[in-house]
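Working notes for the structure below.
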Amino acid sequence: MNHAANANLFSRLFDTLDDPSRLAIETHDGGRITYGDLIARTGQMANVLVSSGVKPGDRVAVQVEKSVENLVLYLATVRAGGVYLPLNTAYTLNELDYFITDAEPSLVVCDPSKAEGIRPIAAKVGAKVETLDASGKGSLTEAAEKADSAFVTVPRAADDLAAILYTSGTTGRSKGAMLSHDNLASNSLTLVDYWRFTRDDVLIHALPIYHTHGLFVASNVTLFARASMIFLPKLDAELIIKLMVRATVLMGVPTFYTRLLQNPHLDKETTKHMRLFVSGSAPLLADTHREWFARTGHAVLERYGMTETNMNTSNPYDGERVPGAVGFPLPGVSLRVTDPETGKELARDEIGMIEVKGPNVFGGYWRMPEKTKSEFRDDGFFITGDLGKIDPKGYVHILGRGKDLVISGGFNVYPKEIESEIDAMPGVVESAVIGVPHPDFGEGVTAVVVRHAGADISEAGVLKALDGRLAKFKMPKRVFIVDELPRNAMSKVQKNVLRDQYKDIYTK
Ligand code: AMP
């Protein structure tokens, strides 16, 4: 294969680099890494990977804290033709056992504190273990510092695997989504264009990099644009607001926006250098969108994607960014809404299953051919599992995961519809509507409501306010007032946790 034709994501990212002295990454503690440095470091790391026995197609499983070295390890794995497999830092040894046994990596990289526990697990599949800590130190970087920076990027075809990301697996076993070099490159290039990234952009990067949002959307888009990013270990509202005076873009999950809104320094002045705020990975409350606009004069741009598909839709750069909507299908992405039972395409405004097709959509689940087959239609559309609709103007709306649909007395109840009603009540921060076993109705509609401190919200008050606004079958049978909803690191409300917590309320 000639070099120019190399479809390796790394080649597509950097073969056309014209100015290696440009800044690529700044760290919170003053480190500055140019594009030239970044490429040299990935060369060193790729040489270490190859000498550790990583061959093209081999998985490199990585459970480490966020650091520049962690990003270098991702790029180096791809460069060496390996398959990068990031793992949430919260996973326990028991969970890691499942991922490592399933993925059979040839190398596992972990925090030094976990190495002892991981060694026997890695040994079962013949994987080596190397270490990398939160400050970027460990056996891996020690070896990389001594290695040669010259490395010829391993040729890969467009549909060869670049990464496997395990889905969060709130129902059943977690599945490894297989992402190709072209899935990642094509989606990032589309986003660079759609969101008007240029080399002058400075992204505040405070997302974790074991997930599609921080790893691919944030990092790949910045690097493709030859822009730079300020790499922060985690969300720090005060620091982010300070950095905004010289940054241009923030990508966050909804929690970023609610947390930043709590800070008195957030205003039009502190955000005036910024050009774009992107939100995704979980629904941004319409209220948060409006409040953000009132405080800063910026309309948050909400987009919708998932591990398996990369990004599918986005609100427009120019044009109206509609609160509560996730915008239009991205160029090259086909999106339709179908009847979940028959698979027949539905008309505008009808609620059904969202299906997508395009170069962004993954090839299937790792070693799960049956599962893969059942989640694709014969014409190649992937069944996302998200319920939604397309409104008359073409904007896509997400109404929640299909598995969160409540079926009460034989009727479909879409939680989002009830949540929107409750969220609009004065004194309510947010709500989650779930279905839990009910002896008469199959599932009983149940609302869990978070109120503003000191607000006068009660079960009876919520029910009274809903009365007459919702059909009887949609009315919650019970309303619980709580301090906060359980969320995962990507800001998603964990409805499975709530369903479990309230599972006996109608049956006891
Ligand atoms: P993950 O694979 O962890 O990124 O989760 C993907 C899921 O997150 C999607 O299938 C949606 O259910 C949800 N999601 C992502 N972005 C949005 C959004 N903007 N609004 C509502 N749900 C979203």
Side-chain angles (χ1 to χ4, degrees), residues 86-88 90-91 163-171 174-179 183-184 187 191 195 207-218 251-258 277-289 292 299-316 321-330 333 335 337 351 353-356 360-362 365 375 382-390 395-405 414-417 419-420 423 430 432 485 487-496:
L87 293 160
N88 190 323
Y91 287 144
I164 295 178
L165 267 63
Y166 278 85
T167 58
S168 51
T170 46
T171 50
S174 182
K175 307 178 287 285
M178 301 192 288
L179 296 155
N183 289 151
L184 303 180
N187 200 240
L191 295 174
W195 294 342
L207 291 160
I209 56 169
Y210 53 70
H211 183 266
T212 183
H213 197 167
L215 185 61
F216 301 139
V217 185
M251 291 186 191
V253 294
T255 315
F256 278 35
Y257 295 98
T258 48
F277 292 95
V278 179
S279 176
S281 293
L284 183 76
L285 293 173
D287 259 3
T288 310
H289 192 289
W292 190 269
V300 175
L301 183 153
E302 185 170 10
R303 94 307 178 267
Y304 155 64
M306 60 195 300
T307 302
E308 289 93 328
T309 63
N310 297 286
M311 299 306 106
N312 293 313
T313 73
S314 169
N315 270 279
R321 300 179 190 164
V322 177
V326 294
F328 306 113
L330 287 165
V333 178
L335 183 147
V337 176
I351 298 171
M353 180 58 72
I354 294 184
E355 300 184 4
V356 293
N360 53 312
V361 177
F362 77 139
Y365 293 111
E375 307 225 342
F382 172 62
I383 306 166
T384 62
D386 287 315
L387 295 170
K389 65 172 188 182
I390 306 175
Y395 285 81
V396 176
H397 298 249
I398 308 291
L399 294 165
R401 297 291 297 163
K403 61 174 199 277
D404 295 331
L405 178 75
Y414 297 96
K416 178 80 183 270
E417 195 188 345
E419 288 160 4
S420 302
D423 293 350
E430 60 175 346
L485 298 174
R487 282 201 148 77
N488 72 7
M490 296 311 294
S491 179
K492 290 184 217 296
V493 174
Q494 293 169 305
K495 289 198 167 176
N496 53 326

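All values below come from the heavy atoms of this structure, side chains included, with hydrogens, waters and symmetry mates left out. Read the numbers this way: they start at 1 and go in the same order the structure lists the ligands and their atoms.
The option with the heavy atom closest to atom 4 (O) of ligand 1, from among M311, M490, H211, is H211.
The atoms of ligand 1 that sit less than 4.0 Å from any heavy atom of R401 are 10 (O), 12 (O). For ligand 1 and E302, the ligand atoms under 4.0 Å from any heavy atom of the residue are 18 (C), 19 (N), 20 (N). In summary, the atoms of ligand 1 found under 4.0 Å from a heavy atom of T307, numbered by their order in the structure, are 1 (P), 2 (O), 3 (O), 4 (O). Set against the non-hydrogen atoms of V326, the atoms of ligand 1 under 4.0 Å away are 18 (C), 19 (N), 20 (N). Listed by atom number, the atoms of ligand 1 under 4.0 Å from R303 heavy atoms are 16 (N), 18 (C), 19 (N).
Side-chain contact check for N310 versus L179: some heavy-atom pair is nearer than 4.5 Å. Counting heavy atoms from C-beta on, the side chains of F256 and M251 never come closer than 4.5 Å.
Residue Y304 places no N or O, backbone or side chain, under 3.5 Å from any N or O of ligand 1. Between K492 and ligand 1, at least one pair of N/O atoms sits closer than 3.5 Å.
In terms of the ring pair (Phe, Tyr, Trp, His ring centres under 6.0 Å) criterion, residue partners of F382 (sequence neighbours excluded) are, by chain and number, F362, F376. Every residue two or more places apart in sequence or in another chain that forms a ring pair (Phe, Tyr, Trp, His ring centres under 6.0 Å) with Y257 is listed here: W292.
Contact annotation: for H213 versus ligand 1, there are no heavy atoms closer than 4.0 Å. In S279, neither the side chain nor the backbone holds a heavy atom less than 4.0 Å from any atom of ligand 1.
Here the heavy atom of the protein found nearest to atom 17 (C) of ligand 1 is A282 N, 3.8 Å. When hydrogens are left out, the protein atom nearest atom 10 (O) of ligand 1 is D386 OD2, 2.6 Å; that is the closest non-hydrogen contact. Protein heavy atom in closest approach to atom 16 (N) of ligand 1: S281 N, 3.2 Å. In terms of protein heavy-atom proximity, atom 6 (C) of ligand 1 is nearest to M306 CB, 3.3 Å.
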**Item:** Chi angles and distances behind the salt bridge (charged side-chain N to carboxylate O under 4.0 Å, His left out) call for E430, R487
**Value:** CA-CA 13 Å; E430 60 175 346; R487 282 201 148 77; 2.9 Å; yes
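At distances below 3.5 Å, at least one donor-acceptor pair connects side-chain atoms of R321 with backbone N or O atoms of P316. Using modelled atom types, no side-chain atom of K389 and backbone atom of V337 make a donor-acceptor pair closer than 3.5 Å. Side chain of T384 to main chain of I354: a donor-acceptor pair is present (N/O by atom type, distance under 3.5 Å, no hydrogens or angles). Looking only at distances, a side-chain donor or acceptor of S174 sits under 3.5 Å from a matching main-chain atom of T167.
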